[in-house]
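Below is one structure, written out as structure tokens, with a few remarks after it.
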Amino acid sequence: MLSTESYQWSFRKRDYKEEQKSFAVSLKATSDHPLQRTIVNNVTLGNMREKNMKSSATGKSKNVETDPLSDLLFDPLSALLQKDASLLNNQKFKDEDKKKFGNEDGYIDGSFEPWQAKRTSILSKYTTSEKISITSSFLSDGEVEKLAVKQSLLPTEKVKSRLEQLNDLDEGSIKETLNLSQTEYVTRIDELNKGLLSAWSSEQRVKALKIAIQCAKMLGDTDVILFYPSKFVLITDILDNFGCLVFDRIREKSVVYTAGSNTPKTLSNNFTPEEVPVSAKETCQNWFYKVASIRELIPRLYVEMAILKCYSFLTASEYAQALSRLAHQIRGIADPLVAVYARAYLCRVGVLVAPTVKNHLKPCWSDFLNTYKQLTLPHMKDKVQNIDMPTYMDLFLPALNWILQCVVYKASEVSLTEILNECKSCKSSLLLHSVLSAFQPKYIANRALEFIKYIKECEDNGYSKHLLYKLLGIILCSEKPLEEEKIVLLNEVWKVVMKIKEPAKYISCAEVWIEYPLKYLSAQEVNILLGNIIKNMMPDHSFENHYTELLSILSKVVFTIEDFNMVITMNNFFPFLDMFQKDSVKVEASKIVMNGFIKSNSVLSDPAKINSLMLICKTMHNSVSELSLDDDKRIIGNLISSFVLTVTYERDFEKQLEFYVDARASFSNMDTVLIVLIQCVNRLAVQTQQVVKGNHTQKTAAFIRACMAYCFITIPSLMDIFARLKLYLLVGQTALSNQAVGQADGLLRAAIHLLAEVPKTIVVETKNVSAELYIVEYINHLLSVILFVPDHPDHSVLYLVRGLMNVLEEIIWDDSSDAKCKLYLNAICILSAAAQESYIFKVEKVESNDKLYGAGSKFVEEVNKIINVLIIEILKKINEAGEKNKKLQYFICAASLNRIVAHGDLSSISMCKFAQNLWLLAIKNTNVDQNFMKRLRKTIEFRALRDFSGFPELLQLITDIR
């Protein structure tokens, strides 16, 4: 137990300059920089080995210090990285893509858009709300049970089962499920796929074939015509799986055993028909015979196309004949929509199995051209299921685009002329759309004016021309047109686009073509287009139905033009913004504008531009409420803060402060913005100090006080208590450095009073943690600032420290925490420094307490009184901890002893005895940190050797640490 009344603190009088000299370390010049890069001469690995061998032989082996990363030879990671990069650059296709496309020879490269890339867009675009029917014969419970038959059947039972399946197939036991929603239909298709896999795994090959046939039959049904492209995607996925199963099955049967070996020999990836055994070829032929026996044309064609790759087991020359034969057989399909998708599947399979074979491609394209005329006949409108012709024509696009892509792949620009000549007689916008989609953009860009002519000549016989202008715009924005045609192209297109009466068609074109002048022309053309958009979208408030397209246009304008000043000086820009009248859309538009402004790194000084962007920021600010998401608040706060930081009036500081005053009034509900404003005003005060070089005039002193008043008024409006504490301290330091002692005093007093309101816990990463660590860190910083603040004439000596100690008593501390004692000890250090005749640091032109009191006896007496009160509290805590928490007792003892060594006057008998008792108590504690105590003893020994007063005596009193 330590008596709480036996010890009186005595601070050591210090001469900081002499101490600095005594502790100074002698300097020594160095010839090289310790961080200089080591230079290693490049040597070959052989030479290094030779040298090492010679040195070993002579007994003079020497360690050669080399940088393993300085040369690629000695850096295996860099070598590996370079090797991988080289492989990636040389490899046009990934291995899995080659396997998928049957493209080992590299004929198909990255310029060919695979079917998988189109699949998702088709499924998302072609949907329906109508009810769909599905025809199947195996989804009933009984059929599902049949699919569970395993390989354990006897051979005779297997034969019987196969015969039953064939009978079922011949009898055509078909069941139809009606009135399915699109989601239910997709689910049933998925069940078909699972049923196919289940039948195959249970070795019911005929059952699997039956499922494939029934799936293919569905492709002849166009009852729900709007869903047909998506149906095609779903069904052909099943057929693809079926084809893979058959191919893998035959390949498994191609395993042979060589004479004298039990190891099976499988076919290589690039096998030839000669390598395939006779039994596997018979199996393959059997599958083609089964398919040929299918009576109906559509399932027979689709199933054969699905297993077309199996021809590779029979002969190497069959692909060309088979693809050509199937292309001619498709002519027997009467429905033009069904026929064009069958041709698309044939082209798709052809790319997979024989990418270099093309004799079937041109016939597929020509056959469609021959049947295209019937699509435009008057009686066709009655054939279409109550949908308009543009919608009907749009159903052909996925298949037609795929066919034409296959036809013109790796074709020259001459092919473009040939295809265009074939399409001329039709004057079809649908065909021209496919041509634009299929050919390389550079071919289109080089002949852009010619294509505009073709578009004008097209008959709008079902497929709207505006889609052609839109597609041409997309192509030209990705591929630069001829220099001399840039402005001509825009004029020719916009003459037509601006006359489009339907707002939806007009804005879809404008959304694309606004990017053209942004890339190739000037802001003047962009301004003209914006004006035309306003003119066309304002009547009947058409813009209200097309906010998505308008936001896209706005985003392109603000993010493409690098100089944001050009954007806001366009006379049609803000009228364009006025079209965003719906509150949520207006906020979204404001975010886009501000993001574009921030990205441009512009600086604002023009009042008109500042006011314009201030209004935009107000729109965002006013949209925030208590119900707003935290992410929305954060995003909007950051955008407004970034705007505030870009406004500058150069040396006109008063005008700058006026702007900050206006901004505070406009954005008063957002902590993020208010914090930035306070820091900006604080920075303004620092800039003023730098301009006058610390010599304030009456005018600049008044300006500093105005800045401090702004901060003092604004800080209490913040919701975050920790932000308030930090800003009070920061601004208080600025006020002190600018000789505004009264304002500094008020700010620090506010900070001290606010400490009592700090919650016990704070949320850090969604977890509640104790606030003690934050409080300790903050108060330590606050104490270091208080040291230089002179006492107020109307208050008692060191009243700020007294007030802070009173607040520490009000805070509820954890009983097992040493935080309060740490703060008391740090306060003792500050008070010991405050009693010195001269402080270690000074604030220029501010007379601190060392000048006011000059370490007078009364002042020192008051300091000691405060310190002794703190000593009593610390001793009480040590005694309490000794009974409950030995670990805490050691920490307090060690910390107290450390402070005595640093700041105490050990020539005082009381202080020396106090230090001795603390030492004994600490080293006897079971939780003693011996390394720390050894370091502390060395410090005492070091000072004793330098004849520091009282240290030799203390060294004799304390015991050694073993």
Side-chain angles (χ1 to χ4, degrees), residues 102 115 212-213 215-222 228 232 235-236 239-240 242-243 246 284-285 287-375 377 396 398-409 411 415 418-419 421-423 425-426 428 430-431 434 438:
W115 176 257
I213 292 171
C215 289
K217 280 184 180 181
M218 295 180 196
L219 292 175
D221 178 17
T222 59
Y228 189 84
F232 171 79
I235 297 298
T236 53
L239 294 175
D240 290 342
F242 176 72
V246 174
C284 182
Q285 290 173 338
W287 273 105
F288 281 110
Y289 291 151
K290 288 179 182 178
V291 174
S293 66
I294 299 174
R295 295 169 185 168
E296 296 184 37
L297 175 62
I298 291 177
R300 185 170 69 250
L301 287 173
Y302 270 103
V303 176
E304 183 176 354
M305 287 188 284
I307 66 170
L308 199 64
K309 192 177 181 181
C310 295
Y311 276 117
S312 60
F313 295 105
L314 302 177
T315 175
S317 60
E318 186 64 27
Y319 283 134
Q321 298 175 15
L323 289 168
S324 180
R325 172 174 53 80
L326 290 168
H328 286 82
Q329 288 179 355
I330 291 174
R331 294 172 181 172
I333 300 176
D335 192 309
L337 184 64
V338 178
V340 76
Y341 276 94
R343 294 186 177 100
Y345 190 60
L346 179 65
C347 295
R348 177 176 146 200
V349 171
V351 169
L352 292 172
V353 300
T356 57
V357 176
K358 293 192 173 184
N359 61 325
H360 63 292
L361 297 176
K362 207 64 183 294
C364 286
W365 170 250
S366 301
D367 289 345
F368 176 78
L369 290 180
N370 293 332
T371 58
Y372 175 75
K373 293 181 180 179
Q374 76 179 90
L375 295 176
L377 295 176
F396 287 81
L400 198 56
N401 289 346
W402 179 261
I403 293 171
L404 197 55
Q405 179 187 220
C406 296
V407 171
V408 305
Y409 179 63
S415 300
E418 295 175 0
I419 296 292
N421 289 334
E422 292 176 357
C423 299
S425 59
C426 298
S428 167
L430 178 68
L431 296 179
S434 294

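Everything numeric in this text was worked out from a predicted model, so none of it was measured.
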Rounded to the nearest 0.5 Å, what separates atom [atom1] in [X] from atom [atom2] in [Y]?
{"X": "Ile330", "Y": "Thr371", "atom1": "CD1", "atom2": "OG1", "value": "11.5 Å"}
{"X": "Phe368", "Y": "Leu400", "atom1": "CZ", "atom2": "CG", "value": "4.5 Å"}
{"X": "Ser324", "Y": "Gln329", "atom1": "OG", "atom2": "CD", "value": "10.0 Å"}
{"X": "Tyr311", "Y": "Gln285", "atom1": "OH", "atom2": "CD", "value": "10.5 Å"}

Charged tip of Lys290 within 45° of Trp287 ring normal and under 6.0 Å: yes
Any donor-acceptor N/O pair, Arg300 side chain to Val291 backbone, under 3.5 Å: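 Checked: no pair found.
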Sidechain-backbone polar pair: Tyr319 side chain, Lys309 backbone, donor-acceptor under 3.5 Å: yes
Could you tell me which non-hydrogen atom of [X] sits nearest to which non-hydrogen atom of [Y], and how far apart they are?
{"X": "Val303", "Y": "Ala216", "value": "CG2-CB, 4.4 Å"}
{"X": "Ile403", "Y": "Val340", "value": "CD1-O, 3.7 Å"}
{"X": "Leu361", "Y": "Cys347", "value": "CD2-SG, 3.6 Å"}
{"X": "Asn359", "Y": "Ala320", "value": "ND2-O, 3.0 Å"}
{"X": "Ala327", "Y": "Asp367", "value": "O-OD2, 3.9 Å"}
{"X": "Ala438", "Y": "Gln405", "value": "CB-N, 3.9 Å"}

Flag the pair [X] / [Y] as yes when at least one side-chain heavy-atom distance between them is below 4.5 Å, and no otherwise.
{"X": "Val351", "Y": "Cys406", "result": "yes"}
{"X": "Asn370", "Y": "Arg331", "result": "no"}
{"X": "Leu431", "Y": "Ile419", "result": "no"}
{"X": "Ser428", "Y": "Tyr372", "result": "yes"}
{"X": "Tyr341", "Y": "Leu219", "result": "no"}

Partner of Ile307 by side chain to side chain contact (heavy atoms under 4.5 Å, CB included), out of Leu239, Val246, Val349: Val246
The single option from Leu346, Leu323, Leu326 passing side chain to side chain contact (heavy atoms under 4.5 Å, CB included) against Cys364: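 With Cys364 as partner, Leu346, Leu323, Leu326 yield a single side chain to side chain contact (heavy atoms under 4.5 Å, CB included), made by Leu346.
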Worked verdict on Lys217 versus Ile298 for side chain to side chain contact (heavy atoms under 4.5 Å, CB included): CA-CA 6 Å; Lys217 280 184 180 181; Ile298 291 177; over 6 Å; no
Parallel, tilted or perpendicular, as decided by the 30° and 60° cut-offs, for the rings of Tyr345 and Tyr302: tilted
Whether Phe232 and Trp115 hold their rings parallel, tilted or perpendicular, with breakpoints at 30° and 60°: perpendicular
